[in-house]
Every structure is written in C-alpha cells, then in structure tokens.
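Take a look at the structure set out below.
Residue indices begin at 1 and follow the sequence shown.
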Amino acid sequence: MARMRAVRLHLPTRKLSVEEVERPVPGAGQVLIKVEAAGVCLSDVHLIDGSLTPLYLPGESVTLGHEVAGTVAELGEDAGAWEIGDRVVLQAGEKRDGITWTRGVDYDGGWAEYALARKDTLVRLPESIPFEQGSIIPDAVSTPWAAITTTGQVRPAEPVGVWGVGGLGAHGVQLLRAIGANPVIAVDPSPAARERALAFGADVVLDSADPQLAAKIGAATGGAGLAAAFDFAGVPAVREQALAVLGAHGRLVLVGLTDQPLTVANSVRFSYLQQQILGHYGSEENAVPQLISLAAGGRLDFSRSVSEVLPLEQAAAAVERLHTKQGNPIRLILKP
C-alpha cells in the first residue's frame with residue numbers, strides 16, 4: 001500500500017502532527033488529487049484550539065485543510081469527464097443526505113500529499129490562475145462572496161461596512177468594491193489591517209476603538225447609516241457596534257464564528273428601522289466557479305492574497321503565525 005505525508009489533528013488531545021499514512025484509493029465516483037497548494041484558515045486554528053469541533057467526523061483524527069488545489073492523479077470508476085493531469089480546485093465540502101460535510105473537518109482534507117474528492121466537488125482551474133491563488137478561492141474568497149451577494153444581497157451604490165480585515169475581511173472589501181458598493185467602510189483595531197483595507201479598495205478605514213466611529217460612519221453615508229454590515233471577526237462587541245450604525249432596512253451579516261451571545265441593545269430602534277440579523281456559513285456550489293471565471297477574466301486578482309508558501313512540515317508554525325497575526329498574513333499556503 002502506497003504511503004503519503006499528512007497533517008493530522010487528534011481531536012481528544014488537539015495535537016497536530018505530520019504523519020505517514022496510507023494514500024487513499026479512489027472508489028466509485030471519486031478522484032484522487034495530487035495536492036499542489038492548501039490554504040491555512042482561521043477555522044483550522046479554531047479546530048486546533050478546541051473552540052470548533054467537527055459535527056460528523058466518525059473517528060478521533062482528521063487531516064486538516066479545506067482550501068485545496070492540485071491535479072487529478074488517479075480516477076475511480078465512474079469519475080465522469082475528469083482526466084489525469086487536470087488542474088482543479090476542490091469545493092470546501094460536500095452534501096451527504098442533505099447535510100453539508102466540511103472537508104478537513106468532518107472528513108480528511110488537503111494538508112497532505114494527496115486528497116480524495118467526490119467527482120462533483122471538483123472545479124476546473126485554468127492555467128492562468130496559479131495553484132496557490134486557486135486554492136484559497138473555496139472559503140477565503142467564496143465565503144465573503146456568498147455573504148455579500150447571497151445572504152447580504154448588497155446592491156450597487158449601497159453603503160457597507162466590514163468589521164475585521166483578516167483573510168475573509170480583506171477579500172470582503174475587495175469583492176464589495178468589485179460589485180459597486182459605495183462607500184466601502186472598513187473597521188479594524190490594527191493599523192496594519194486598516195492599511196491593507198485601503199490597498200484592497202476600502203474608501204474609509206476606521207479604528208473600532210475610535211469614540212467618533214458612529215459619527216464618522218454617519219458622515220460617510222450622508223446620515224443614512226449602513227445598508228449592510230459584515231462581521232468577519234466573530235466578536236460580540238463588533239456586532240453591537242455594527243448594529244448601532246445600521247440604517248433603515250440595514251442587514252447585519254454574521255460571518256465570523258463565535259459561541260458568545262448576541263445582544264440587541266435597542267430593540268425598539270431595531271424593529272422601527274426594520275433591520276435584520278443574518279447568519280452566514282460557507283457558500284453554495286456556484287460561488288467557486290463564478291470566482292474562478294471572474295479571476296480568469298481579469299475582473300479579480302488574488303495575487304496579493306498569498307502571504308507566503310510553506311512546506312507541509314511547517315503547518316504548526318503556519319497555524320501559530322495566523323493565530324498571533326505574526327507578519328499580518330492574509331493567507332499562508334502549504335505546499336506538500
């Protein structure tokens with residue numbers, strides 16, 4: 001039996017290790033992917049620190065990694081039109097009996113030399129998009145894309161706010177500008193993150209600790225308040241701050257994950273202005289093909305999103321760097 005290296009997380013101890021494991025063999029309707037690039041996400045950090053636990057994982061260990069790009073290495077029976085050597089991106093999860101299982105959480109992911117994928121979870125990656133950029137489209141880009149276009153239903157010329165300009169928030173700013181939101185206001189306590197927001201297309205950047213924040217958002221929106229606010233930080237204080245600056249019919253979209261309660265400080269104002277709080281998770285299957293098409297067509301550029309490419313053996317160091325924001329990375333990429 002062929003072997004391969006994989007980064008495995010043992011859930012009971014939350015211990016991360018690079019192990020030699022059996023290379024998977026594709027069954028009916030499956031394809032084996034030689035991994036060329038795999039993104040490191042804050043969700044991986046939460047899995048390791050214990051604040052996130054898989055819902056459906058059948059065992060005690062899992063290979064992490066839900067942002068994956070590579071080439072088709074081996075075909076199972078009934079693999080459809082896929083051929084060995086095809087460049088592909090993997091969807092971040094798959095539906096099983098109507099329930100979404102997340103790759104690298106509920107089943108083995110792509111922090112490995114090879115990854116198994118169901119044939120319908122592959123999306124073709126054009127030669128014009130490098131594997132490193134393609135790998136982050138599922139989740140790092142597709143999650144904010146779906147939050148903006150599907151859940152938040154942002155329309156051109158609407159004033160919007162982004163709280164938290166990390167990996168998801170930076171792309172949120174970029175995508176909001178691309179669809180014509182105006183102005184795009186980014187809020188983050190980190191000066192480096194605010195600089196990044198400007199580089200990604202924000203019109204206004206504000207410190208969340210600024211006592212004049214509400215007044216400045218009011219001035220930037222002509223007193224109307226925000227049509228939509230996106231919490232990419234997953235912080236209760238952020239949500240209360242965003243709610244306070246929403247305008248009439250404003251939507252607060254919760255993208256960042258937290259197990260803490262949400263408080264509506266002024267429910268009379270909330271109801272009178274007919275505001276909404278919307279939960280968001282992941283993206284529908286059409287998001288990744290849409291974004292690949294936009295990138296291939298020159299409408300979006302993800303080259304600046306890749307902060308560094310590291311070998312598989314440095315997975316733990318990459319996780320720590322993301323957790324501590326060392327070097328202020330957008331996305332760190334593992335390359336087996």
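For the pair Arg177 and Phe200, the NZ or CZ position fails the cation-pi test of under 6.0 Å to the six-membered ring centre and within 45 degrees of the ring normal. Annotation: cation-pi pair Arg96/Tyr107 present, NZ/CZ under 6.0 Å from the ring centroid and within 45° of its normal.
Of the options Glu313, Glu19, Glu20, a salt bridge (charged side-chain N to carboxylate O under 4.0 Å, His left out) to Arg5 is made by Glu313 and by none of the others. Each of Thr221, Leu213, Asp203 was checked for a side-chain contact (heavy atoms from CB on, under 4.5 Å) with Ile185, and the lone residue meeting it is Thr221.
Under the 4.5 Å side-chain criterion, counting only non-hydrogen atoms from C-beta, Asp188 is not in contact with Ser208. Side-chain contact between Pro24 and Asp108 is absent, with no heavy-atom pair separated by less than 4.5 Å. Residues Asp139 and Cys41 form a side-chain contact, since some pair of their non-hydrogen atoms from C-beta on lies under 4.5 Å apart. Inter-residue side-chain proximity for Leu175 and Leu291 is flagged as met; some heavy-atom pair is nearer than 4.5 Å. Side-chain contact between Phe232 and Val162: present, with at least one pair of heavy atoms (C-beta onward) separated by less than 4.5 Å. Residues Val40 and Val319 are in side-chain contact: their nearest non-hydrogen atoms beyond the backbone lie under 4.5 Å apart. Put simply, the side chain of Val204 does not reach to within 4.5 Å of the side chain of Lys216, judged on heavy atoms. Side chains of Val264 and Leu243 form a contact here, defined as non-hydrogen atoms less than 4.5 Å apart.
Counting only distance, with no hydrogens or angles, the side chain of Gln174 and the backbone of Gly201 share no donor-acceptor pair below 3.5 Å. Panel note: side chain Ser135, backbone Glu132; a donor-acceptor pair is recorded below 3.5 Å. With hydrogens and angles disregarded, no donor-acceptor distance shorter than 3.5 Å links the side chain of Gln274 to the backbone of Ser271. The closest donor-acceptor contact from the side chain of His66 to the backbone of Leu90 lies at 3.5 Å or more, if one exists at all. Within the 3.5 Å criterion, the main-chain N or O of Lys95 finds a donor-acceptor partner in the side chain of Arg118. Between the Gln260 side chain and the Gly234 main chain, no donor and acceptor come within less than 3.5 Å of each other. Looking only at distances, no side-chain donor or acceptor of Asp210 sits under 3.5 Å from a matching main-chain atom of Asp207. The backbone N or O of Glu94 lies less than 3.5 Å from no partner atom in the side chain of Arg103, so there is not a single donor-acceptor pair. Remark: side-chain polar atoms of Arg251 are paired, donor with acceptor, to backbone N or O of Ala227 under 3.5 angstrom. Under a 3.5 Å cut-off, the side chain of Thr324 and the backbone N or O of Glu320 do form a donor-acceptor pair.
Side-chain contact check for His10 and Ser17: no donor-acceptor pair (N or O, by modelled atom type) lies under 3.5 Å. There is a side-chain donor-acceptor pair under 3.5 Å between Tyr281 and Thr102. For the residue pair Arg8 / Thr63, a side-chain donor-acceptor distance below 3.5 Å is found, with atom types taken as modelled.
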| task | Test side-chain contact (heavy atoms from CB on, under 4.5 Å) on Phe230 and Leu176 and set out the steps. | result | CA-CA 11 Å; Phe230 295 86; Leu176 284 162; 4.2 Å; yes
| request: Go through the steps to decide whether Thr53 and Arg14 satisfy the test side-chain hydrogen bond (donor to acceptor under 3.5 Å, both in side chains), and finish with yes or no. | output: CA-CA 10 Å; Thr53 297; Arg14 303 287 168 167; 2.9 Å; yes
| query | Which is it for Ile277 and Leu254 under the side-chain contact (heavy atoms from CB on, under 4.5 Å) test, yes or no, and what are the steps along the way? | reply | CA-CA 7 Å; Ile277 298 171; Leu254 309 181; 3.7 Å; yes
| Stepwise side-chain contact (heavy atoms from CB on, under 4.5 Å) test for Ile48 and Leu64 | CA-CA 10 Å; Ile48 294 164; Leu64 297 181; 3.9 Å; yes
| message | Using the rule given for salt bridge (charged side-chain N to carboxylate O under 4.0 Å, His left out), can you reason through Glu67 versus Arg331, listing the C-alpha separation, both sets of side-chain angles and the distance that settles it, and then say yes or no? | response | CA-CA 10 Å; Glu67 298 179 346; Arg331 265 300 186 267; 2.9 Å; yes
| field | Residue pair Val123, Gln91: steps toward the side-chain contact (heavy atoms from CB on, under 4.5 Å) verdict | value | CA-CA 7 Å; Val123 183; Gln91 296 278 13; 3.8 Å; yes
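Residue Thr143 holds its OG1 atom at 12.5 Å from CD1 of Ile137, rounded to the nearest 0.5 Å. In this structure, Trp101 CH2 and Leu55 CG are separated by 10.0 Å, a value rounded to the nearest 0.5 Å. A distance of 9.5 Å separates CG in Asp44 from CG in Leu9, rounded to the nearest 0.5 Å. Annotation: the span from Asp97 atom CG to Tyr56 atom OH amounts to 11.0 Å, rounded to 0.5 Å. Note that the NE2 atom of His249 and the CD atom of Gln276 stand 9.5 Å from one another [nearest 0.5 Å]. Atom OG of residue Ser142 and atom CD of residue Glu285 lie 11.5 Å apart, to the nearest 0.5 angstrom.
Look at Glu113 and Arg3 and you find no salt bridge, because none of the NZ, NE, NH1 or NH2 atoms lies under 4.0 Å from a carboxylate O. For Asp86 and Arg124, the salt-bridge test passes: some basic side-chain N is under 4.0 Å from an acidic carboxylate O. Salt-bridge formation is detected for the pair Lys119/Asp78: a Lys NZ or Arg NE/NH1/NH2 atom is positioned less than 4.0 Å from an Asp or Glu carboxylate oxygen. For the pair Arg321 and Glu308, the salt-bridge criterion is met [side-chain N within less than 4.0 Å of a carboxylate O]. Between Arg87 and Glu127 a salt bridge is recorded (basic side-chain N to carboxylate O distance below 4.0 Å). Using a cutoff of 4.0 Å between basic side-chain nitrogens and carboxylate oxygens, Asp231 and Arg239 are scored as salt-bridged. The existence of a salt bridge linking Glu74 and Arg23 is confirmed by a sub-4.0 Å separation between a basic side-chain nitrogen and an acidic carboxylate oxygen.
The shortest non-hydrogen separation linking Val255 to Ala147 is CG2-CB, 3.8 Å. The two residues Leu125 and Ile292 come nearest to each other via the heavy atoms CD1-CD1, 4.4 Å. Residues Glu36 and Thr71 come closest through the heavy atom pair OE2-OG1, 4.2 Å. Between Trp111 and Ala38, the shortest heavy-atom distance links the atoms CD1-CB, 3.7 Å. In terms of heavy-atom proximity, Leu278 sits nearest to Thr151 at CD1-O, 3.4 Å. Listed here is the closest heavy atom pair of Ala79 and Gln30: CB-O, 4.1 Å.
Put simply, Val160 and Leu252 are part of two different groups of oily side chains (I, L, V, M, F, W, Y) that touch within less than 4.5 Å, one to the next. The hydrophobic cluster containing Ile129 also contains Ile136, counting ILVMFWY residues as joined when their side-chain heavy atoms lie under 4.5 angstrom apart, directly or transitively. Hydrophobic clustering (side-chain heavy atoms under 4.5 Å, transitive across Ile, Leu, Val, Met, Phe, Trp, Tyr) keeps Leu116 apart from Ile33. Criterion: ILVMFWY side-chain heavy atoms under 4.5 Å apart, direct or through other members. Under it, Phe270 and Val253 are not part of a common hydrophobic cluster. The cluster map of Ile, Leu, Val, Met, Phe, Trp and Tyr, joined by side-chain heavy atoms under 4.5 Å apart, puts Ile148 and Leu300 in the same cluster.
Residue pairs meeting the salt bridge (charged side-chain N to carboxylate O under 4.0 Å, His left out) criterion with at least one partner in residues 262-271, sequence neighbours excluded, are absent.
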